[in-house]
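Index from 1, following the sequence. In this text the structure is predicted, and so the values were computed from the model without any measurement.
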Amino acid sequence: MILRRIGKIAESLSGNLSKFAEATPTVLRCSIFEGSNEHLQQPKIFYSDSRGEEDAKAPQPEASTGSSSDWTAAMDSGNWDQAWEMFSSQLHKDDRSFPKFEELLAWDPDDEEKEVRRQKELDFQESVARSRVRKVSEQGIAHGVGRRKTSVAQVWIREGIGHCMVNRKPFDMYFADLMRRNDIITPLVVANALGKFDVMALVHGGGSMGQAQAMRHGIARALQNWNPELRGVLKESGLLSRDARIVERKKPGKKKARKSFQWVKR
């Protein structure tokens with residue numbers, strides 16, 4: 001009884017397989033190429049039934065021939081130099097050169113972001129400078145007050161040929177140290193105004209360094225009042241900021257602000 005059922009199931013399966021084979025061709029092989037141009041030709045397909053053979057005998061669509069057929073034919077004929085010239089002429093030419101190894105080591109990925117932030121800050125300062133009002137007297141004189149430590153400098157500038165007077169003396173006689181003279185002319189150099197203004201200053205309090213740096217602060221402020229558009233370059237160099245550092249006062253029980261007296265055991 002069981003063997004009879006197994007036989008019937010086998011007969012039904014064989015009948016269904018034969019019907020499926022008649023309806024659908026079976027692909028035996030589909031990756032045969034002929035000739036040297038294997039990458040351009042279409043694969044040939046072989047079928048198991050008669051209907052598949054007719055389809056296989058049908059003419060296949062020709063490969064699309066473009067500009068690459070020229071250098072392909074040149075390679076087939078053995079003209080490798082000509083083929084390479086044809087191939088290279090079709091390539092996209094890139095004129096960019098690879099950076100040097102030293103440039104790669106020196107490259108900082110944050111440089112671009114820093115430059116963008118710096119440019120935005122300069123643009124903002126320029127916009128603020130345009131909104132400021134030019135402060136010049138009727139005589140064509142701009143005034144500025146500078147401070148450093150305990151020194152205070154009142155500075156007046158006007159168009160001239162570059163004279164500079166401090167407390168009724170030429171600045172090179174008042175300040176014998178070259179570093180102090182450099183402090184005075186720094187705002188004029190940054191603003192590209194050296195030799196274009198005459199400077200008069202009254203300075204009091206502090207020492208030579210404090211007076212020179214107070215005068216530098218006053219000249220920078222006077223230049224800003226003369227031309228508000230100079231605020232950007234002056235502020236970037238830190239010439240408009242008041243340096244609030246002063247000497248710390250002496251404390252009771254101390255020799256100086258922090259220093260203690262020498263301790264003796266006996």
*Name all pairs fulfilling the ring-ring contact (aromatic ring centres under 6.0 Å, His included) condition that reach into residues 235-266, sequence neighbours left out, sorted by first residue then second.*
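Listed by first then second residue: nothing to list.
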
Taking atom [atom1] as the centre, does [X] end up with more than 12 heavy-atom neighbours from other residues, nucleotides or ligands that are less than 6.0 angstrom away?
X: Glu229; atom1: CD; answer: no
X: Glu248; atom1: CD; answer: yes
X: Arg181; atom1: CZ; answer: yes
X: Asp111; atom1: CG; answer: yes
X: Asp81; atom1: CG; answer: no
X: Lys135; atom1: NZ; answer: no

So that I can tick it off, tell me whether [Y] and [X] are bridged by a salt bridge, with the cut-off set at under 4.0 angstrom between side-chain N and carboxylate O.
X: Arg117; Y: Glu113; result: yes
X: Arg118; Y: Glu121; result: no
X: Arg180; Y: Asp183; result: yes

Within-4.5 Å side-chain heavy-atom neighbours: [X] and [Y]:
X: Asn225; Y: Val136; answer: no
X: Arg242; Y: His217; answer: yes
X: Glu85; Y: Trp80; answer: no

First locate atom [atom1] of [X], then atom [atom2] of [Y], and finally report the distance between them rounded to the nearest 0.5 Å.
X: Met165; Y: Leu202; atom1: CE; atom2: CG; value: 10.5 Å
X: Met215; Y: Thr186; atom1: CE; atom2: OG1; value: 11.5 Å
X: Phe197; Y: Arg158; atom1: CZ; atom2: CZ; value: 12.5 Å
X: Glu138; Y: Ile141; atom1: CD; atom2: CD1; value: 11.0 Å
X: Ile246; Y: Thr150; atom1: CD1; atom2: OG1; value: 8.5 Å
X: Cys164; Y: Ile184; atom1: SG; atom2: CD1; value: 5.5 Å

Determine the minimum heavy-atom distance between [X] and [Y], stating which atoms define it.
X: Gly206; Y: Gln211; value: O-NE2, 3.8 Å
X: Leu234; Y: Gln224; value: CD1-N, 4.3 Å
X: Ala222; Y: Ala142; value: O-CB, 3.6 Å
X: Ala257; Y: Lys251; value: O-CG, 3.2 Å
X: Asp198; Y: Gly162; value: OD1-N, 3.1 Å

Check: [X] side chain, [Y] main-chain N or O, donor-acceptor pair, under 3.5 Å:
X: Asn167; Y: Val203; value: yes
X: Ser237; Y: Val233; value: yes
X: Lys250; Y: Lys254; value: yes

*In terms of ring plane angle, is the pair Trp156 and His143 parallel, tilted or perpendicular, where the classes change at 30° and 60°?*
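Trp156 vs His143 ring planes: tilted.
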
When you group the ILVMFWY residues by side-chain heavy-atom contacts below 4.5 Å and let the links chain together, are [Y] and [X] in the same group?
X: Leu240; Y: Ile157; answer: yes
X: Phe171; Y: Val152; answer: no
X: Val145; Y: Leu188; answer: no

*asked:* Enumerate the salt bridge (charged side-chain N to carboxylate O under 4.0 Å, His left out) contacts for residues 161-174, please, sequence neighbours excluded, ordered by first and then second residue.
replied: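 The answer is none; no pair qualifies.
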
*Does Gln213 have any side chain to side chain donor-acceptor pair (under 3.5 Å) partners at least two apart in sequence or in another chain, and if so, which?*
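Gln213 satisfies side chain to side chain donor-acceptor pair (under 3.5 Å) with Arg148 once adjacent residues are dropped.
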
